Amino acid sequence: MQSKVVVNTSSVGELKTACDAGLKEFLKERGYEEMHTHTDVKLVLGYLGIIFCAVDFAYSWKYPFSQTKWFSYISVSVYAVTSALALIYSYVVQRDTFFVGYNKAKGHIVSAGARTERNEPTYRLTLTTRPIRGRQDPPVYNSKPLEMKQPFAAWFHDDGEFARQKFNSDIDTAIEALFTKKTE
Amino acid sequence: MEFLSQAKKFGVRSLLLQGLTFLSVLTSAFMIWKGLSLFTNSESPVVVVLSGSMKPAYDRGDILFLHNGFSPIEVGEVVVYKLNDKPIPIVHRVMKVHTESESGEQYLLTKGDNNNADDRGLYNPGQMWIQRNEIIGRVKGFVPYAGMGTIWMNDYPYLKSVLLGTLCVLSLFSND
């Protein structure tokens with residue numbers, strides 16, 4: 001079904017990436033379709049800036065500086081604004097989130113974000129859920145995010161192979177906790 | 001063709017994201033240059049000195065930082081100008097300035113410190129003065145000989161290919 005994943009166990013980055021990918025696959029298998037909103041926002045902002053830059057490059061290549069100055073003012077401003085917005089979006093809105101998925105059948109959205117501390121082999125996962133906007137039936141809705149942390153050693157063999165089943169069952173427990181925890 | 005296989009495997013988005021990462025390096029460099037250019041009101045805010053006509057102040061290979069702005073040029077300032085037909089920028093000192101009283105239009109005469117004659121021999125045929133709008137900028141700072149690499153690559157074109165080749169080989173040996 002899925003190929004074996006082997007990582008370098010001394011690289012916290014690789015360990016985190018493997019877990020992120022594992023969580024994505026887990027949720028996708030459980031019927032969560034990925035929502036690409038974060039990626040799309042950054043793509044739109046990025047390419048908007050790039051288009052203005054490309055046009056400005058072509059225009060100022062062909063015509064002298066004094067003639068094309070007015071457009072350069074516009075394109076530099078657009079580029080600065082879109083870059084700033086993309087950066088702000090990344091730091092304020094997206095933060096650690098690497099997967100957002102919606103489950104049509106159950107009527108809710110699950111958002112997963114993960115962090116690691118420097119040189120510490122621990123996976124810090126944050127799961128949040130919110131109802132899909134506009135749904136009639138009251139779906140399971142929990143306003144408090146669920147945080148769980150586990151040392152990577154729990155999910156990787158000595159040789160670096162990813163222990164998918166153990167990972168999946170731990171995540172399963174976490175997801176259930178996310179939906180059964182009552183808001184306080 | 002590996003685009004298509006990546007597109008099938010990871011989707012168009014991943015391709016677009018990779019493209020974005022690569023292009024933002026190029027575009028941010030260009031935009032920073034443009035921003036500097038607009039700030040200094042100069043079409044080329046950094047130039048390399050190509051001749052020794054301004055010795056001992058500036059020598060061949062020096063990198064000059066220019067700021068043009070909008071204010072009138074004064075006698076004694078070292079300016080960089082380009083004449084319409086020639087692509088090479090000239091770095092010389094302003095010797096005389098005439099200002100038209102009504103329009104404020106300036107007429108300038110320049111001369112290289114290390115030259116015996118003023119620049120009228122360099123100007124376009126029949127041109128006795130250069131004008132404010134032909135000035136690319138005034139020299140505000142410099143780094144001695146930092147531009148020798150550019151000069152060598154223009155004088156010996158094969159060096160460009162050597163540099164490009166070295167960069168390609170190095171990139172092959174980098175991590176991915």
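Computed from a predicted model, the values in this text were never measured in an experiment. Naming convention: chains lettered A, B, ... in sequence-line order (proteins, then strands); numbering from 1 in each chain.
- Of the atoms belonging to A:Ser60, it is side-chain heavy atoms, and not backbone ones, that fall under 4.5 Å from chain B.
- A:Tyr59 OH: more than 12 foreign heavy atoms inside a 6.0 Å radius.
- For the pair B:Leu23 and A:Tyr47, the tightest heavy-atom approach, listed with the atom from each and the gap, is CD1-CE2, 4.0 Å.
- Within a 6.0 Å radius of CG in A:Asp159, other residues, nucleotides and ligands contribute more than 12 heavy atoms.
- Atoms CG and CD1, on B:Leu20 and A:Ile50 in that order, are 5.0 Å from each other to the nearest 0.5 Å.
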| query | Please walk me through it: do A:Asp56 and B:Phe30 pass side chain to side chain contact (heavy atoms under 4.5 Å, CB included)? | reply | CA-CA 10 Å; A:Asp56 187 44; B:Phe30 178 68; 3.8 Å; yes
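- By the criterion of side-chain heavy atoms lying less than 4.5 angstrom apart, applied directly or through intervening Ile, Leu, Val, Met, Phe, Trp or Tyr residues, B:Trp33 is not grouped with B:Val47; the two fall into different hydrophobic clusters.
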| request: Go through the steps to decide whether A:Tyr79 and B:Ser28 satisfy the test side chain to side chain contact (heavy atoms under 4.5 Å, CB included), and finish with yes or no. | output: CA-CA 8 Å; A:Tyr79 191 84; B:Ser28 50; 3.4 Å; yes
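- Atom CD of B:Glu105 is surrounded by more than 12 heavy atoms from other residues, nucleotides or ligands within 6.0 Å.
- With chain A as the partner, the residue from B:Lys34, B:Glu43, B:Arg13 showing the most heavy-atom pairs under 4.5 Å is B:Arg13.
- A continuous path of hydrophobic side-chain contacts links A:Phe98 to A:Met148 [ILVMFWY only; heavy atoms under 4.5 Å].
- Expressed to the nearest 0.5 Å, how far OG1 of B:Thr27 lies from CD1 of A:Ile51 amounts to 11.5 Å.
- Annotation: B:Arg120, atom CZ; neighbour count of heavy atoms from other residues, nucleotides and ligands within 6.0 Å is above 12.
- Residue contact with chain B, scored on non-hydrogen atoms closer than 4.5 Å, involves the backbone and the side chain of A:Ser72 alike.
- The number of heavy atoms from other shown groups lying within 6.0 Å of OH (A:Tyr89) is above 12.
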| request: Start with the C-alpha distance between A:Ser75 and B:Met31, add both sets of side-chain angles, then the distance that settles side chain to side chain contact (heavy atoms under 4.5 Å, CB included), and finish with yes or no. | output: CA-CA 8 Å; A:Ser75 59; B:Met31 284 281 118; 4.1 Å; yes
